[in-house]
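Below: the structure, in structure tokens.
Keep in mind the model is a prediction, meaning the values are calculated, not measured.
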Amino acid sequence: MSVLVGLIVMLGMFVVVPAGLGLIDGPRPHGLRLLRRAWPLLALPGAVALWLPRSPTAATLAAVYALATLALALCAPARLVAHLRPPPAPGAGRRRAPAASEVAVLTALVTPSVAGLALVAERAGHELLGFDLGILALTVPHFHFAGFAAALVAGLVCRTSGSPATRFAALSVPLGTLLVLIGYFVDDWAELAGAVVLTAGMWAVALPTWRDLRTGAPDRVTRGLLAVSAVVLVATMLLALSWALGEATGLPHPNLTWMAATHGLGNALGFALCSLLAWRRLRAAAPSKETAPWPV
């Protein structure tokens with residue numbers, strides 16, 4: 001695993017995932033609260049595994065992190081059940097099916113497990129399901145950022161505005177992520193279809209972030225973080241489209257090393273990190289208003 005990819009993965013492990021978990025309110029299973037507190041400790045063996053040679057020792061350390069991601073994924077069905085459970089007030093009826101924003105947060109809880117399993121296989125030197133080690137190495141950051149961070153931010157944006165465009169984003173980002181994953185097993189054209197859906201969803205996140213959230217932010221730093229996240233997202237998803245189109249058609253396109261240095265680094269620093277920092281500031285400034293994440 002290259003130094004750049006390893007550093008991006010560590011950013012996802014130690015910063016993006018715990019910061020994102022701190023933004024999830026609403027029905028929160030007890031296990032999710034425990035995982036949020038323990039996440040840096042659980043991520044440490046996985047981070048150490050990144051810098052060891054591929055070996056049983058590295059794979060064992062990676063497996064500790066993978067188990068944490070699987071435990072996080074198991075919080076999704078518990079949260080879904082909590083949403084569907086009838087409210088305690090007599091005569092209140094059943095709760096409605098999860099909203100688009102909740103679909104996005106459930107996706108965010110599940111996607112790190114894909115990264116965790118890919119990390120174990122890559123550190124063991126095992127070509128899981130026929131994927132070469134280079135693809136597995138890039139799958140790890142992809143499902144921390146294009147999986148967890150993208151779905152979570154799409155849900156936050158939808159929660160704030162609830163417009164048709166943001167509901168589309170909250171649904172299409174999870175769908176696009178799933179289609180890209182399916183495309184790994186089908187062919188390059190299926191992966192291109194997933195990239196198109198995911199790009200449409202991410203651009204649907206970028207537009208209200210720039211137009212509404214940025215202009216309504218309470219301070220200059222938050223406005224700057226939101227502006228950077230929106231602009232970077234447009235550029236990085238263009239790169240993702242160009243790569244997927246080139247893979248499907250044979251047209252010239254960036255190689256994976258270039259994609260890691262541009263698309264990957266841009267999404268990690270420019271989109272995910274800036275977005276989550278901005279949302280933490282929005283929550284601190286208005287914890288009881290519409291900019292706050294999911295209500296209880």
Side-chain angles (χ1 to χ4, degrees), residues 1-2 4-22 24 29 31-80 104-152 173-174 177-178 180-185 198 260 264 267-268 272-273 276:
M1 186 173 290
S2 73
L4 177 60
V5 173
L7 291 173
I8 292 173
V9 172
M10 287 183 65
L11 177 67
M13 288 177 168
F14 287 110
V15 179
V16 169
V17 173
L21 293 179
I24 299 175
L32 183 57
R33 292 192 291 270
L34 292 177
L35 283 171
R36 177 191 168 192
R37 296 190 188 101
W39 197 266
L41 181 62
L42 295 171
L44 184 59
V48 172
L50 295 172
W51 306 105
L52 296 177
R54 294 188 181 107
S55 63
T57 299
T60 300
L61 291 171
V64 176
Y65 183 67
L67 289 173
T69 64
L70 289 172
L72 184 62
L74 291 175
C75 293
R79 183 179 171 94
L80 179 60
V105 76
L106 293 173
T107 302
L109 293 174
V110 170
T111 47
S113 63
V114 180
L117 293 174
L119 179 63
V120 174
E122 192 275 337
R123 292 291 79 196
H126 173 62
E127 294 187 348
L128 181 67
L129 301 175
F131 295 112
D132 65 55
L133 300 181
I135 293 295
L136 289 174
L138 294 176
T139 298
V140 181
H142 180 83
F143 279 91
H144 278 90
F145 295 99
F148 177 83
L152 180 60
V173 169
T177 302
L178 176 62
V180 168
L181 180 60
I182 293 173
Y184 288 172
F185 300 97
L198 182 58
N267 266 348
L273 183 60
L276 293 176

Report the distance from atom [atom1] of [X] to atom [atom2] of [Y], rounding to the nearest 0.5 Å.
X	Y	atom1	atom2	answer
I8	F145	CD1	CZ	7.0 Å
L117	F143	CG	CZ	11.0 Å
L74	T69	CG	OG1	9.5 Å
L152	L276	CG	CG	6.0 Å
I135	E127	CD1	CD	11.0 Å

> For the residue pair H144 and Y65, does the interplanar ring angle fall in the parallel (under 30°), tilted (30 to 60°) or perpendicular (over 60°) class?
Replying inline: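 Parallel.
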Taking C-beta and beyond as the side chain, do [X] and [Y] meet within less than 4.5 Å on heavy atoms?
X	Y	result
L109	L21	yes
R36	I24	no
T139	F131	no
L11	L7	no
L52	T57	yes

Heavy-atom donor-acceptor pair, [X] side chain to [Y] backbone, under 3.5 Å:
X	Y	value
S55	P53	yes
T111	F148	yes
R123	A49	yes
W39	M13	yes

So which atom in [X] and which in [Y] form the shortest heavy-atom distance, rounded to 0.1 Å?
X	Y	value
A272	V16	CB-CG2, 4.3 Å
P141	V9	CD-CG2, 3.7 Å
G6	L50	O-CD1, 3.7 Å
V5	L138	CG2-CD2, 3.8 Å
V110	A76	CG2-CB, 3.8 Å
A121	L136	CB-CD1, 4.0 Å

